[in-house]
Amino acid sequence: MDVIRCLKDQRILKLFEKANKITLSEHGDIITLERAIFLSWWCEMGDCAFCYMSTQKPLIKDPKKARRNVNAILAEAEICKRIGWNIEFLSGGYKSFTTTEIKHIAKSIKDITGSPVWLNIGITKDLEEYGDEIEGITGAIETANPRLQEKLCPSKPINQIVEMLELAEELGFKKAITIILGVGETIEDLEHLFKLIDNLKLDRIIFYSLNPHKGTIFEDTPQPPSLYYAGIVAATRIKFPKIKIITGTWIDNLANIGPLILAGANGLTKFPLFKMFGTRYGKRVEEEVKWSGRKLKGTFTDHQKLLKGEADEKLKPFIKRYIDMCLKKSYTLTQ
Ligand code: SF4
(Lines give C-alpha, C1' and ligand atoms only; values in the text may rest on other atoms or scores of the structure.)
Protein backbone atom coordinates (compact mmCIF):
# COMPACT_ATOMS: atom_id res chain seq x y z
CA MET A 1 0.00 0.00 0.00
CA ASP A 2 1.39 3.42 -0.96
CA VAL A 3 0.54 5.17 2.29
CA ILE A 4 1.71 8.59 1.16
CA ARG A 5 -0.54 8.39 -1.92
CA CYS A 6 -3.40 7.19 0.25
CA LEU A 7 -2.93 10.10 2.64
CA LYS A 8 -2.74 12.60 -0.21
CA ASP A 9 -6.02 11.22 -1.56
CA GLN A 10 -7.49 11.49 1.94
CA ARG A 11 -8.38 7.82 2.04
CA ILE A 12 -8.12 7.97 5.80
CA LEU A 13 -10.60 5.19 6.60
CA LYS A 14 -8.61 2.79 4.44
CA LEU A 15 -5.45 3.71 6.34
CA PHE A 16 -7.22 3.31 9.69
CA GLU A 17 -8.56 -0.10 8.79
CA LYS A 18 -5.17 -1.48 7.87
CA ALA A 19 -3.30 0.28 10.69
CA ASN A 20 -5.77 -0.94 13.29
CA LYS A 21 -5.44 -4.55 12.17
CA ILE A 22 -1.65 -4.34 12.26
CA THR A 23 -1.64 -2.73 15.70
CA LEU A 24 -3.92 -5.34 17.24
CA SER A 25 -1.93 -8.23 15.84
CA GLU A 26 1.53 -6.79 16.62
CA HIS A 27 0.86 -5.02 19.91
CA GLY A 28 -2.43 -6.24 21.35
CA ASP A 29 -5.15 -4.03 22.79
CA ILE A 30 -3.44 -2.28 25.70
CA ILE A 31 -3.09 1.50 25.70
CA THR A 32 -0.64 3.14 28.08
CA LEU A 33 -0.72 6.53 29.75
CA GLU A 34 2.66 8.23 29.51
CA ARG A 35 4.10 11.01 31.62
CA ALA A 36 7.15 13.07 30.70
CA ILE A 37 8.92 14.03 33.92
CA PHE A 38 10.81 17.29 33.69
CA LEU A 39 14.16 17.62 35.38
CA SER A 40 14.31 21.38 35.07
CA TRP A 41 12.47 24.36 33.67
CA TRP A 42 15.45 25.30 31.61
CA CYS A 43 16.59 24.56 28.11
CA GLU A 44 20.08 25.44 26.98
CA MET A 45 18.86 25.89 23.38
CA GLY A 46 15.73 27.84 24.07
CA ASP A 47 15.20 28.87 20.47
CA CYS A 48 12.88 26.33 18.84
CA ALA A 49 10.25 28.38 17.06
CA PHE A 50 7.21 26.56 18.50
CA CYS A 51 8.38 26.00 22.05
CA TYR A 52 7.12 27.52 25.28
CA MET A 53 10.66 27.34 26.66
CA SER A 54 11.78 29.77 23.99
CA THR A 55 9.49 32.38 25.54
CA GLN A 56 10.96 31.73 29.00
CA LYS A 57 14.69 31.69 28.38
CA PRO A 58 15.20 35.43 28.79
CA LEU A 59 13.50 35.15 32.20
CA ILE A 60 15.86 32.48 33.52
CA LYS A 61 19.39 33.65 34.03
CA ASP A 62 20.91 30.69 35.84
CA PRO A 63 20.21 27.15 34.60
CA LYS A 64 21.06 25.72 38.04
CA LYS A 65 18.17 27.73 39.54
CA ALA A 66 15.71 26.12 37.13
CA ARG A 67 16.49 22.65 38.51
CA ARG A 68 13.60 20.89 40.12
CA ASN A 69 13.97 19.49 43.60
CA VAL A 70 15.01 15.87 43.08
CA ASN A 71 12.52 14.71 45.71
CA ALA A 72 9.70 16.31 43.70
CA ILE A 73 10.90 14.41 40.61
CA LEU A 74 10.98 11.12 42.51
CA ALA A 75 7.57 11.82 44.07
CA GLU A 76 6.17 12.18 40.57
CA ALA A 77 7.64 8.80 39.68
CA GLU A 78 5.99 7.28 42.77
CA ILE A 79 2.62 8.77 41.75
CA CYS A 80 3.05 7.33 38.24
CA LYS A 81 3.75 3.91 39.70
CA ARG A 82 0.66 4.06 41.91
CA ILE A 83 -1.71 4.93 39.09
CA GLY A 84 -0.09 2.62 36.53
CA TRP A 85 1.31 5.30 34.22
CA ASN A 86 4.56 4.85 32.31
CA ILE A 87 7.28 7.42 32.51
CA GLU A 88 7.61 8.55 28.92
CA PHE A 89 11.07 9.95 29.58
CA LEU A 90 13.07 12.26 31.79
CA SER A 91 13.07 15.54 29.99
CA GLY A 92 15.24 18.66 29.98
CA GLY A 93 17.97 18.90 32.53
CA TYR A 94 20.96 19.11 30.24
CA LYS A 95 23.28 21.78 31.67
CA SER A 96 21.07 21.96 34.77
CA PHE A 97 22.15 18.54 36.03
CA THR A 98 25.39 16.71 35.36
CA THR A 99 25.40 13.30 33.66
CA THR A 100 26.24 11.70 37.01
CA GLU A 101 23.27 13.43 38.63
CA ILE A 102 20.89 12.40 35.83
CA LYS A 103 22.15 8.83 36.12
CA HIS A 104 21.53 8.92 39.85
CA ILE A 105 17.97 10.25 39.40
CA ALA A 106 17.25 7.60 36.76
CA LYS A 107 18.55 4.91 39.10
CA SER A 108 16.34 6.15 41.94
CA ILE A 109 13.33 6.14 39.59
CA LYS A 110 14.15 2.60 38.56
CA ASP A 111 14.25 1.64 42.23
CA ILE A 112 10.74 3.12 42.62
CA THR A 113 9.04 1.85 39.47
CA GLY A 114 11.08 -1.26 38.73
CA SER A 115 11.64 -0.13 35.15
CA PRO A 116 14.53 1.62 33.44
CA VAL A 117 13.76 5.09 32.09
CA TRP A 118 14.03 6.78 28.74
CA LEU A 119 15.93 10.05 28.45
CA ASN A 120 15.12 13.11 26.38
CA ILE A 121 17.78 15.47 27.64
CA GLY A 122 19.05 17.27 24.56
CA ILE A 123 21.99 16.52 22.34
CA THR A 124 24.74 14.83 24.28
CA LYS A 125 27.68 12.56 23.63
CA ASP A 126 27.89 11.62 27.30
CA LEU A 127 26.01 8.36 27.03
CA GLU A 128 28.76 5.93 28.07
CA GLU A 129 28.21 6.66 31.74
CA TYR A 130 24.65 5.36 31.64
CA GLY A 131 23.82 1.74 32.30
CA ASP A 132 20.83 -0.45 32.98
CA GLU A 133 18.89 2.37 34.65
CA ILE A 134 18.34 3.70 31.12
CA GLU A 135 16.12 2.02 28.56
CA GLY A 136 16.56 4.33 25.64
CA ILE A 137 17.54 7.70 24.26
CA THR A 138 15.14 10.11 22.61
CA GLY A 139 16.19 12.56 19.92
CA ALA A 140 13.90 15.58 19.77
CA ILE A 141 14.06 15.99 16.02
CA GLU A 142 10.59 17.63 15.91
CA THR A 143 10.23 17.66 12.13
CA ALA A 144 11.84 15.35 9.59
CA ASN A 145 12.32 17.71 6.65
CA PRO A 146 15.95 18.86 7.15
CA ARG A 147 15.36 22.36 5.78
CA LEU A 148 12.31 23.00 7.92
CA GLN A 149 14.04 21.44 10.91
CA GLU A 150 17.00 23.79 10.52
CA LYS A 151 14.66 26.75 10.39
CA LEU A 152 12.52 25.75 13.37
CA CYS A 153 15.24 24.31 15.60
CA PRO A 154 18.40 26.25 14.74
CA SER A 155 20.35 25.03 17.77
CA LYS A 156 19.74 21.32 17.42
CA PRO A 157 21.06 20.18 14.05
CA ILE A 158 19.45 17.00 12.84
CA ASN A 159 22.85 15.41 12.06
CA GLN A 160 23.96 15.81 15.67
CA ILE A 161 20.77 14.15 16.89
CA VAL A 162 21.31 11.33 14.42
CA GLU A 163 24.90 10.92 15.67
CA MET A 164 23.66 10.75 19.25
CA LEU A 165 21.14 8.05 18.35
CA GLU A 166 23.80 6.10 16.46
CA LEU A 167 25.96 6.20 19.56
CA ALA A 168 22.95 5.08 21.62
CA GLU A 169 22.62 2.11 19.28
CA GLU A 170 26.30 1.21 19.71
CA LEU A 171 25.88 1.30 23.47
CA GLY A 172 22.86 -0.95 23.34
CA PHE A 173 20.14 1.57 24.22
CA LYS A 174 16.80 1.77 22.47
CA LYS A 175 16.13 4.80 20.30
CA ALA A 176 13.22 7.17 19.79
CA ILE A 177 12.46 10.48 18.16
CA THR A 178 9.82 13.13 18.74
CA ILE A 179 7.87 14.71 15.88
CA ILE A 180 5.52 17.70 16.07
CA LEU A 181 2.81 17.91 13.44
CA GLY A 182 1.32 21.16 12.20
CA VAL A 183 4.55 23.18 12.04
CA GLY A 184 4.61 23.60 8.26
CA GLU A 185 5.53 20.08 7.15
CA THR A 186 3.95 18.49 4.09
CA ILE A 187 2.71 14.98 3.45
CA GLU A 188 5.74 14.42 1.18
CA ASP A 189 7.94 14.98 4.22
CA LEU A 190 6.85 11.52 5.35
CA GLU A 191 9.56 10.27 2.97
CA HIS A 192 12.14 11.95 5.24
CA LEU A 193 10.48 10.57 8.33
CA PHE A 194 10.32 7.01 7.03
CA LYS A 195 13.97 7.19 6.01
CA LEU A 196 14.95 8.31 9.50
CA ILE A 197 12.96 5.53 11.17
CA ASP A 198 14.51 3.00 8.81
CA ASN A 199 18.11 4.21 9.01
CA LEU A 200 18.11 4.62 12.76
CA LYS A 201 16.11 1.44 13.39
CA LEU A 202 13.94 3.36 15.81
CA ASP A 203 12.10 1.51 18.55
CA ARG A 204 9.56 4.22 19.12
CA ILE A 205 8.24 7.49 17.84
CA ILE A 206 6.37 10.14 19.73
CA PHE A 207 4.03 12.37 17.78
CA TYR A 208 2.73 15.65 19.14
CA SER A 209 0.47 18.17 17.54
CA LEU A 210 1.37 21.83 17.54
CA ASN A 211 0.32 23.68 20.65
CA PRO A 212 0.31 27.30 19.51
CA HIS A 213 2.01 29.07 22.40
CA LYS A 214 1.57 32.74 22.95
CA GLY A 215 4.72 34.66 22.11
CA THR A 216 5.85 32.21 19.41
CA ILE A 217 5.45 32.56 15.63
CA PHE A 218 2.70 29.92 15.83
CA GLU A 219 0.45 31.68 18.31
CA ASP A 220 -2.27 32.24 15.67
CA THR A 221 -1.71 28.94 13.83
CA PRO A 222 -4.49 26.35 14.16
CA GLN A 223 -3.63 22.93 15.50
CA PRO A 224 -3.45 20.29 12.75
CA PRO A 225 -6.75 18.64 11.74
CA SER A 226 -7.53 15.50 13.72
CA LEU A 227 -7.73 13.25 10.64
CA TYR A 228 -4.49 14.63 9.24
CA TYR A 229 -2.75 13.86 12.55
CA ALA A 230 -4.28 10.38 12.77
CA GLY A 231 -3.61 9.79 9.07
CA ILE A 232 0.12 10.40 9.58
CA VAL A 233 0.12 8.03 12.54
CA ALA A 234 -1.72 5.36 10.52
CA ALA A 235 0.72 5.70 7.61
CA THR A 236 3.64 5.29 10.04
CA ARG A 237 2.02 2.27 11.68
CA ILE A 238 1.46 0.57 8.30
CA LYS A 239 5.06 1.21 7.22
CA PHE A 240 6.51 0.16 10.58
CA PRO A 241 4.28 -2.46 12.20
CA LYS A 242 6.58 -3.09 15.17
CA ILE A 243 7.45 0.46 16.22
CA LYS A 244 5.90 1.79 19.44
CA ILE A 245 3.87 4.89 18.75
CA ILE A 246 3.05 7.39 21.46
CA THR A 247 0.75 10.26 20.60
CA GLY A 248 0.30 13.52 22.44
CA THR A 249 -3.05 15.18 22.88
CA TRP A 250 -3.71 18.42 24.69
CA ILE A 251 -6.65 18.77 27.06
CA ASP A 252 -8.51 20.87 24.46
CA ASN A 253 -8.26 18.07 21.90
CA LEU A 254 -9.35 14.94 23.71
CA ALA A 255 -11.56 13.91 20.78
CA ASN A 256 -8.33 13.15 18.90
CA ILE A 257 -7.72 10.14 21.10
CA GLY A 258 -10.13 7.68 19.45
CA PRO A 259 -8.84 8.29 15.91
CA LEU A 260 -5.21 8.20 17.10
CA ILE A 261 -5.75 4.81 18.73
CA LEU A 262 -7.43 3.39 15.63
CA ALA A 263 -4.49 4.78 13.66
CA GLY A 264 -2.01 2.78 15.70
CA ALA A 265 -1.09 4.63 18.88
CA ASN A 266 0.16 2.43 21.72
CA GLY A 267 0.36 5.17 24.31
CA LEU A 268 -1.08 8.59 25.09
CA THR A 269 0.78 11.56 26.47
CA LYS A 270 0.91 15.31 27.06
CA PHE A 271 -1.79 15.49 29.71
CA PRO A 272 -1.53 17.84 32.67
CA LEU A 273 -1.83 14.88 35.07
CA PHE A 274 -2.42 16.73 38.33
CA LYS A 275 -5.00 19.06 36.80
CA MET A 276 -6.91 16.28 35.06
CA PHE A 277 -6.77 13.34 37.44
CA GLY A 278 -10.19 12.39 38.76
CA THR A 279 -11.98 15.04 36.71
CA ARG A 280 -14.40 14.62 33.85
CA TYR A 281 -11.43 15.22 31.54
CA GLY A 282 -9.58 12.23 32.98
CA LYS A 283 -12.76 10.20 32.70
CA ARG A 284 -13.07 11.33 29.09
CA VAL A 285 -9.65 9.89 28.28
CA GLU A 286 -10.71 6.57 29.78
CA GLU A 287 -13.93 6.64 27.74
CA GLU A 288 -12.07 7.47 24.53
CA VAL A 289 -9.87 4.41 25.05
CA LYS A 290 -12.86 2.21 25.84
CA TRP A 291 -14.74 3.34 22.73
CA SER A 292 -11.69 2.54 20.63
CA GLY A 293 -12.05 -1.08 21.73
CA ARG A 294 -8.89 -0.99 23.82
CA LYS A 295 -7.97 -1.57 27.45
CA LEU A 296 -6.27 1.14 29.43
CA LYS A 297 -3.23 0.25 31.50
CA GLY A 298 -3.45 2.46 34.56
CA THR A 299 -6.09 4.90 35.68
CA PHE A 300 -6.99 8.56 35.27
CA THR A 301 -9.71 8.49 37.93
CA ASP A 302 -9.13 5.95 40.70
CA HIS A 303 -8.34 7.86 43.90
CA GLN A 304 -7.76 4.69 45.91
CA LYS A 305 -4.79 3.80 43.71
CA LEU A 306 -3.43 7.31 44.11
CA LEU A 307 -3.47 6.99 47.90
CA LYS A 308 -1.99 3.51 48.15
CA GLY A 309 1.76 2.98 48.42
CA GLU A 310 4.86 3.23 50.57
CA ALA A 311 7.47 5.91 50.08
CA ASP A 312 10.69 7.22 51.49
CA GLU A 313 10.10 9.81 54.29
CA LYS A 314 11.72 12.60 52.30
CA LEU A 315 9.36 12.06 49.37
CA LYS A 316 6.18 12.07 51.46
CA PRO A 317 5.55 15.85 51.59
CA PHE A 318 5.93 16.04 47.79
CA ILE A 319 3.66 13.06 47.20
CA LYS A 320 1.07 14.61 49.50
CA ARG A 321 1.27 17.86 47.57
CA TYR A 322 0.57 16.07 44.27
CA ILE A 323 -2.24 14.02 45.77
CA ASP A 324 -3.79 17.19 47.20
CA MET A 325 -3.62 18.78 43.77
CA CYS A 326 -5.50 15.81 42.28
CA LEU A 327 -8.09 15.65 45.06
CA LYS A 328 -8.78 19.39 45.09
CA LYS A 329 -9.47 19.35 41.37
CA SER A 330 -12.01 16.59 41.54
CA TYR A 331 -13.57 18.18 44.63
CA THR A 332 -13.94 21.50 42.83
CA LEU A 333 -15.49 19.91 39.78
CA THR A 334 -18.09 17.99 41.77
CA GLN A 335 -19.30 21.15 43.56
S1 SF4 B 1 11.87 22.25 21.88
FE2 SF4 B 1 13.32 21.45 23.37
S3 SF4 B 1 15.32 22.19 22.66
FE4 SF4 B 1 13.78 23.43 21.65
S5 SF4 B 1 13.54 25.26 22.94
FE6 SF4 B 1 11.98 23.74 23.54
S7 SF4 B 1 12.87 22.60 25.24
FE8 SF4 B 1 14.52 23.67 24.16
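Throughout, residue positions are numbered sequentially from 1 according to the sequence presented. As the structure is a computational prediction, the values presented were derived from the model and not from experiment. Counting starts at 1 for both ligands and their atoms, following the listed order.
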Checking salt bridge (charged side-chain N to carboxylate O under 4.0 Å, His left out) between Lys103 and each of Glu133, Glu128, Glu129, which is the one that passes?
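For Lys103, the salt bridge (charged side-chain N to carboxylate O under 4.0 Å, His left out) check succeeds only for Glu133.
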Just say parallel, tilted or perpendicular for the rings of Trp250 and His213, cut-offs at 30° and 60°.
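Answer is perpendicular, since the angle exceeds 60°.
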Which residue supplies the protein heavy atom nearest to atom 8 (Fe) of ligand 1, what is that atom called, and how far is it?
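Nearest protein contact, heavy atoms only, for atom 8 (Fe) of ligand 1 is Cys43 SG, 2.1 Å.
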Starting from atom 2 (Fe) of ligand 1, locate the nearest protein heavy atom and write down its residue, its atom name and how far away it is, to 0.1 Å.
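Checking every protein heavy atom, the shortest distance to atom 2 (Fe) of ligand 1 gives Lys156 NZ, 3.6 Å.
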Any N/O/S atom from Cys153 (main chain or side chain) under 2.8 Å of atom 4 (Fe) of ligand 1?
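So Cys153 does not bind atom 4 (Fe) of ligand 1 by this criterion.
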From Ala140, Cys51, Cys48, Ser54 - option closest to atom 6 (Fe) of ligand 1 by heavy atom
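Among Ala140, Cys51, Cys48, Ser54, the closest heavy atom to atom 6 (Fe) of ligand 1 comes from Cys51.
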Would you verify whether the NZ or CZ of [X] falls within 45 degrees of the ring axis of [Y] while also being under 6.0 Å from that six-membered ring's centre?
{"X": "Arg204", "Y": "Trp118", "answer": "yes"}
{"X": "Arg35", "Y": "Phe271", "answer": "no"}
{"X": "Lys270", "Y": "Tyr208", "answer": "yes"}

When you look for heavy atoms under 4.0 Å from ligand 1, do you find them on the side chain of Tyr52, its backbone, both, or neither?
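No part of Tyr52 is near ligand 1 at this cut-off.
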Ligand 1 atoms in contact with [X] (distance to a heavy atom under 4.0 Å):
{"X": "Glu142", "result": "1 (S)"}
{"X": "Asp47", "result": "5 (S)"}
{"X": "Gly46", "result": "5 (S), 8 (Fe)"}

With Thr23, which of Lys18, Arg237, Arg294 fulfils side chain to side chain donor-acceptor pair (under 3.5 Å)?
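Exactly one pass, corresponding to Arg237.
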